[in-house]
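Only one structure is covered here, and it is reproduced in the block below.
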Amino acid sequence: MNILVTGGAGFIGRRTVALLCADGHRVRVLDRLDPQVHGAAAEPAGLDPRAEFVRGDVTDPATVDACLDGVEAVFHLAALTGVGQSMYDLRDYAHHTVTGTATLLERLLKRGQRLRRFVLSSSRAVYGEGAARCPRHGVVAPAPRRREDCAAGDFGLRCPACGAGCEPCATAEDQPPAPGSIYAWTKLQQEELVRHAVRHHGLEAAILRYFNVYGEGQALANPYTGVVAVFCARLRAGRPLALYERDLPLRDFVHVADVAEANRATLAAAVEPGTAINIGVGSALRISQVARALAAAMGVEARLEDTGEFRCGDILACWADRGRARALLGWEPRVGLEEGMRRFAAWAAGERAVDLSERAAAELRAHGLLGRAPAAQAGAVRATSAR
């Protein structure tokens, strides 16, 4: 097929483009090469040479029109990512992510262009908090955590019906969305725009909700996305790794190679238009576990620092129920955490990493988005041998 991949020069996009080219598809990539991600590069690094590259913005109708000529399928990955930065760069996130998606869909509809498949790259962030189990009400969508509770050192989840404490559990796609950050809100708006096109215009669309994607090719100088890339830069510099909320948060880390395979599988899968599908490993990890696995792969020691800080807009826990991905896509993640970190560390050893995490944290503080629990609630700095 003739396939357009927006954001195809990015972290996940490059992997996906390589697989599509290997399958014999003719791939066109549209990417604006955001300097925060790509630096000052005039050409995309690491993009499969078999793909046609167009430098341009998905928010520009004329550029999108030109890129859609002859296209039979679209993978829409172009978006701004990063929870923290989204909380104060509202206009940029709304413009590039929401307006970009609206522009792409509008041009498809006004051209009368029928696609065989449209794949939207969404995020687990649309859920807000992941599912939890209440002793009385069973599986529930937890009530949003209040800043004043976090500031008092209470980072737990509460049942929205009775207020009782809840234990996190795997999140299925039927959980009602409850975005807690501007980033999450923009991803949900993307989904709603796509569902509008499905309902009213017959768009053959599937929605993939990625969980925490990591792996080779991450932007090592971008402090706003990817804790693995941030930790890599700090480990190289011998600096401590910050753990928020007393290391209680739980996340689902999925390797970029597995995510690209899920994209590939979605191209021809029998999926009811508008269906959302979780793309995650289906297991929960503490950030300290991820830090230790990375340090071990790099052959260094990890100093884990818990100061009791928390970020507004963050959630406590979310990991995937992946039954739908298995049933509809035949997809199973294959890269475990230790293997994934070995691959990442081997690649990163030849790359330049810049530690800008303290600058990013300072920006959060300046905008009132970084809080701290009482000193008595905070853990001590501790060193962990990870050789």
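The shown structure was predicted, so the numbers you read here are calculated from the model rather than taken from an experiment.
Under a 4.5 Å side-chain heavy-atom criterion applied to ILVMFWY residues, the cluster that includes V139 comprises that residue alone. Cluster partners of L19, using a side-chain heavy-atom cutoff of under 4.5 Å among ILVMFWY residues and allowing indirect links: none.
Between E167 and R133 there is no salt bridge, since no side-chain nitrogen of the basic residue lies less than 4.0 Å from a carboxylate oxygen of the acidic one. No salt bridge links R26 with E52; every basic N to acidic carboxylate O contact stays at or beyond 4.0 Å. A salt bridge is absent between R365 and E358; no separation between the charged side-chain nitrogens and carboxylate oxygens falls under 4.0 Å. Between R234 and E305, no side-chain nitrogen of the basic residue sits less than 4.0 Å from a carboxylate oxygen of the acidic one, so the salt-bridge criterion is not met.
For E43, the side-chain hydrogen bond (donor to acceptor under 3.5 Å, both in side chains) test picks out no residue, with sequence neighbours left out. The side-chain hydrogen bond (donor to acceptor under 3.5 Å, both in side chains) test applied to T81 returns no partner, not counting sequence neighbours.
The environment of E339 atom CD is dense: over 12 non-hydrogen atoms of other residues, nucleotides or ligands sit within 6.0 angstrom. Other residues, nucleotides and ligands contribute more than 12 heavy atoms inside 6.0 Å of the CZ atom of R147.
Screening residues 259-270 for salt bridge (Lys or Arg N to Asp or Glu O under 4.0 Å), with sequence neighbours left out, gives D23-R264, E261-R264. Annotation: salt bridge (Lys or Arg N to Asp or Glu O under 4.0 Å) contacts involving residues 60-77, sequence neighbours excluded, comprise D65-R107, D65-R111, D69-R111, E72-R116.
Under the 3.5 Å distance criterion, the side-chain polar atoms of R199 are left unmatched by any main-chain donor or acceptor of V194. Between the side chain of H255 and the backbone N or O of A257, at least one donor-acceptor pair lies under 3.5 Å. The backbone N or O of Y183 sits less than 3.5 Å from a side-chain atom of S86, completing a donor-acceptor pair.
Atoms CZ and CD, from R114 and E204 in turn, are 7.5 Å apart once rounded to the nearest 0.5 Å.
Using a 30° and 60° split on the angle between ring planes, Y88 and H367 fall in the parallel class, below 30°.
When the options R342, R14, R15 are evaluated for a salt bridge (Lys or Arg N to Asp or Glu O under 4.0 Å) with E216, the one that passes is R15.
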